[in-house]
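First the structure, in the form of structure tokens, and then the observations on it.
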Amino acid sequence: MTNSSLMGDRTSVPRRAGGAAGDAPRPPADSGARRRTLRPRTRSALVTWAFILPAAIYLVVYFGYPVVSNLTMSFQDFTTATFFTGEAPWVGFDNYTAVIASGLFGKLTANTAIFTIVSLTVTFLIGLGLALFFNKYFPLNGVLRSMLLLPWLLPLIISSAVWRRMMEGETGILNVVLEGLGLSGVSWLTDPNIALYSIIIVNIWVGIPFVMVILYGGLQEIPKDYYEAAALDGATGWRSFFSITWPLLRPVVVVVLMLGFIYTIRVLDIILALTGGGPANATETYASRAYHLSFVNFEFGRGAALSNILIVVSLIVAAFQLRANKRASDLAG
Amino acid sequence: MPRALESYSRTAIGIVIVALLLFPVYWMLNTSLQGSENLLETEWFPFELSFQGYQRAIETQLGNLGTSLLISIGSVIVCLAIAAPAAYGLSRTNISTRSIAVFVILLLITQMIPGIVIANGLYPLYNTLGLLNTVPGLILADASHGIPFCILLIRAFMQNIPHSLLEAARIDGASEIRLFLSVVLPLSRNALVTAAVFSFLFAWSDFLFALTLTNGSSVVPITLSMYVFVGAHTQSWAALMATATLASIPAAVLLVVAQKYIASGVTGGAVK
């Protein structure tokens with residue numbers, strides 16, 4: 001992307017300043033005087049950039065390059081054959097039209113939207129509830145809170161494998177419990193009408209600790225005397241939540257929702273491990289479909305096109321979130 | 001005293017919440033200890049304790065666990081070697097604040113790029129460079145999970161190092177490299193440990209690059225092996241859950257040993 005050009009610009013600033021002083025041969029006396037005024041600053045700026053340089057190169061290779069190559073690939077007929085022949089003919093917007101015109105695109109969009117919105121909403125509400133719960137001191141508070149982090153630290157593939165066992169047909173513990181309660185079992189992962197929600201459940205479980213910890217951190221920043229003052233005026237419970245907690249927590253809420261959105265819309269591990277996008281594409285999202293196009297069908301051009309659509313959607317929604325927040329805080333004064 | 005009663009009842013509720021949310025973890029342990037192959041339904045407790053699952057897991061998965069360990073440690077080294085100097089550079093005040101701001105924004109933008117985009121773009125590159133199915137290839141790719149995060153985390157810490165300390169070392173004639181290695185790094189120990197813990201966990205959890213940048217036969221991290229295992233419609237849940245348990249050890253150990261670093265990392269990384 002712009003990484004490389006931008007880095008080029010930035011590094012050239014100190015170099016240009018140094019060049020002006022050092023290019024032309026100068027009388028030795030002058031150079032001594034210069035060294036004390038201009039050179040050390042330029043030199044130390046160059047040192048600073050030297051520290052940053054390896055990271056800049058890494059970012060160009062591992063983020064800049066893939067984004068650019070994803071963009072160019074999406075306009076090419078890039079398949080397995082390309083690796084042998086080296087040929088990837090330009091096809092304009094063919095990959096995009098093929099992806100969008102395929103009968104699946106509407107379903108993918110709906111699945112992605114439901115997965116992201118339901119996951120994020122429920123995770124946020126539960127996470128907020130837990131953060132509020134843990135915001136009052138009680139014995140073992142710290143220990144319990146850090147234990148709750150475990151699901152978030154486990155590799156997603158492991159969590160997915162465990163949930164797959166728990167949701168397994170007749171013998172999974174969820175159905176054993178349901179049947180024990182006299183209810184009928186659920187085909188968690190094999191019923192096309194249910195599978196998407198089963199995956200959402202797992203995703204919520206994984207996301208709760210993250211939301212809780214960040215919101216808890218935000219709650220801890222709110223000075224306790226605000227609540228004491230409000231209590232003197234008779235504001236407690238819900239009243240104090242909506243008048244003090246929520247407005248002061250808002251900046252943290254915005255961060256949580258934005259990060260949560262970005263992390264949720266791209267979820268791949270859980271989907272691949274639990275259902276592989278099935279049954280009958282019931283759990284296929286933009287991310288999982290992009291994977292299947294590129295790495296199962298080896299249609300890299302189309303996979304790239306769909307993953308670019310994924311990026312654009314994420315950016316648009318993130319921008320909307322930021323704008324909506326700005327408007328709301330403007331209104332609040 | 002009603003107040004004490006209230007706080008103890010909160011503890012009780014807290015324990016119930018934790019028990020509910022950690023139930024899947026219990027279930028993993030429980031299933032892993034019920035070894036017999038033809039047992040379809042898992043008992044609530046491992047009454048007939050069996051380590052068959054672990055035996056099979058170790059027989060078949062030890063190599064893959066080792067591969068994951070190698071890749072994760074390599075990835076931590078790459079991550080710190082790149083992130084720590086960059087964080088120091090970005091915490092210095094002798095370049096324009098604007099260019100620092102641009103760099104920081106670029107770091108944040110990298111977090112918005114879905115992994116599948118990176119995998120998609122890297123595959124042809126790796127194919128050309130011969131890095132597919134190699135440990136170094138995965139180490140470098142896995143470091144991308146951690147580098148932007150670690151730079152931001154370490155930088156936030158280094159910004160608080162008092163200038164006077166650095167000036168004093170400069171007056172004593174320390175070179176810039178020396179200053180970085182023997183003053184800045186030791187002072188940033190906490191941030192470096194946090195960064196190391198997280199980059200380890202990110203690399204250990206990596207599934208996407210393992211799936212896309214290998215063919216699943218020569219270099220097999222444990223996540224990829226679990227995925228293949230789960231997909232095979234296995235009935236030997238004990239062995240699978242034993243593998244899962246073994247693969248959870250790093251996260252569990254780090255949560256106990258490095259708890260304060262993890263808590264600071266979760267909040268620090270998100271807010272910055």
Side-chain angles (χ1 to χ4, degrees), chain A residues 3 6 10 41 44-45 47-48 51-52 54-55 58-59 62-63 65-67 69-70 83 136 138-140 144 146-151 153-158 161-166 171 173 213-214 217 255 259 262 266 268-269 273 287 290-291 294-295 300 303-304 307 310-311 314 318, chain B residues 7 10-11 14 18 21-22 24-25 27-28 31 40-42 82-83 85-86 88-90 92 94-95 99 102 106 110 112-118 120-122 124-125 127 144 147 151 176 201 204-205 207-208 212 223 226-227 230 237 240-241 244 247-248 251 255 259 262 266-267 270-271:
Chain A
N3 282 26
L6 213 127
R10 296 299 162 194
R41 265 192 74 186
S44 88
V47 168
T48 301
F51 275 111
I52 300 173
Y58 184 90
L59 293 181
Y62 278 87
F63 292 98
Y65 175 83
V67 168
S69 102
N70 218 54
F83 295 119
K136 283 226 172 87
F138 54 83
L140 294 183
L144 293 175
S146 56
M147 283 175 78
L148 280 183
L149 275 179
L150 191 58
L153 294 176
L154 293 181
L156 287 174
I157 286 295
I158 291 177
V162 176
W163 278 94
R164 186 151 172 171
R165 171 60 185 140
M166 290 171 43
T171 61
I173 188 66
V213 169
I214 294 178
V255 171
L259 288 177
I262 292 166
R266 63 160 76 152
L268 190 64
D269 308 28
Y291 164 77
S294 289
F295 292 99
F300 283 91
S307 53
L310 174 64
I311 291 194
S314 326
Chain B
S7 80
R10 274 188 176 256
T11 304
V18 170
L21 281 173
L22 292 191
V25 179
W27 206 245
M28 171 176 80
T31 310
L40 284 178
E41 204 154 305
T42 311
I82 289 178
Y88 176 55
L90 292 171
R92 283 161 59 112
N94 60 2
I95 49 174
S99 41
V102 168
L106 282 178
T110 62
M112 304 187 69
I113 305 171
I116 184 66
V117 170
I118 296 177
N120 219 2
L122 277 184
L125 179 70
N127 188 48
S144 74
I147 283 179
I151 294 177
E176 291 293 341
L201 287 177
W204 183 264
S205 309
F207 167 64
L208 185 64
T212 53
T223 47
M226 292 264 314
Y227 171 68
V230 171
W237 285 105
L240 182 58
M241 289 299 113
S248 309
L255 186 60
Q259 197 199 97
I262 286 179
V266 179
T267 38
V271 176

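A, B, ... follow the sequence lines: proteins, then strands. Residue 1 opens every chain.
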Which bit of [X] is near chain A, if near means a heavy-atom gap under 4.5 Å: side chain, backbone, both or neither?
X        : value
B:Asn120 : both
B:Arg92  : side chain
B:Met112 : both
B:Leu201 : side chain
B:Ile147 : side chain

Closest non-hydrogen atom pair between [X] and [Y], with its separation:
X        : Y        : answer
A:Ala45  : B:Asn94  : N-ND2, 3.7 Å
B:Met226 : A:Ala161 : CE-CB, 3.7 Å
B:Leu22  : A:Pro151 : CD2-CD, 3.7 Å
A:Leu144 : B:Thr11  : CD1-O, 4.2 Å
B:Thr31  : B:Trp237 : CG2-CB, 4.0 Å
B:Ala244 : B:Met28  : CB-SD, 3.7 Å

What I'd like to find out is whether the side chain of A:Leu268 reaches to under 4.5 Å of the side chain of B:Leu208, using heavy atoms alone. yes
Taking side chain as everything from C-beta outward and backbone as N, CA, C, O, which of these in [X] sits under 4.5 Å from a heavy atom of chain B? Side chain, backbone, both or neither.
X        : answer
A:Phe295 : side chain
A:Thr48  : both
A:Tyr62  : both
A:Leu150 : both

Test your reading of the model: is there a side-chain donor-acceptor pair from B:Trp204 to the backbone of B:Ala247, 3.5 Å cut-off? yes
Please identify each residue that fulfils ring pair (Phe, Tyr, Trp, His ring centres under 6.0 Å) with B:Tyr88, with sequence neighbours left out. A:Phe51, B:Phe180
Selection from [options] maximising heavy-atom pairs under 4.5 Å formed with chain B:
options                              : answer
A:Ser314, A:Gly303, A:Ser307         : A:Ser307
A:Asn70, A:Val47, A:Ile262, A:Leu154 : A:Asn70
A:Ser69, A:Pro139, A:Ala55, A:Pro54  : A:Pro139

Winner by heavy-atom pair count (cut-off under 4.5 Å) against chain A, out of B:Thr212, B:Asn127, B:Ile82, B:Leu122: B:Thr212
Which residue out of B:Ala251, B:Ser205, B:Ala83 racks up the most heavy-atom pairs below 4.5 Å with chain A? B:Ser205
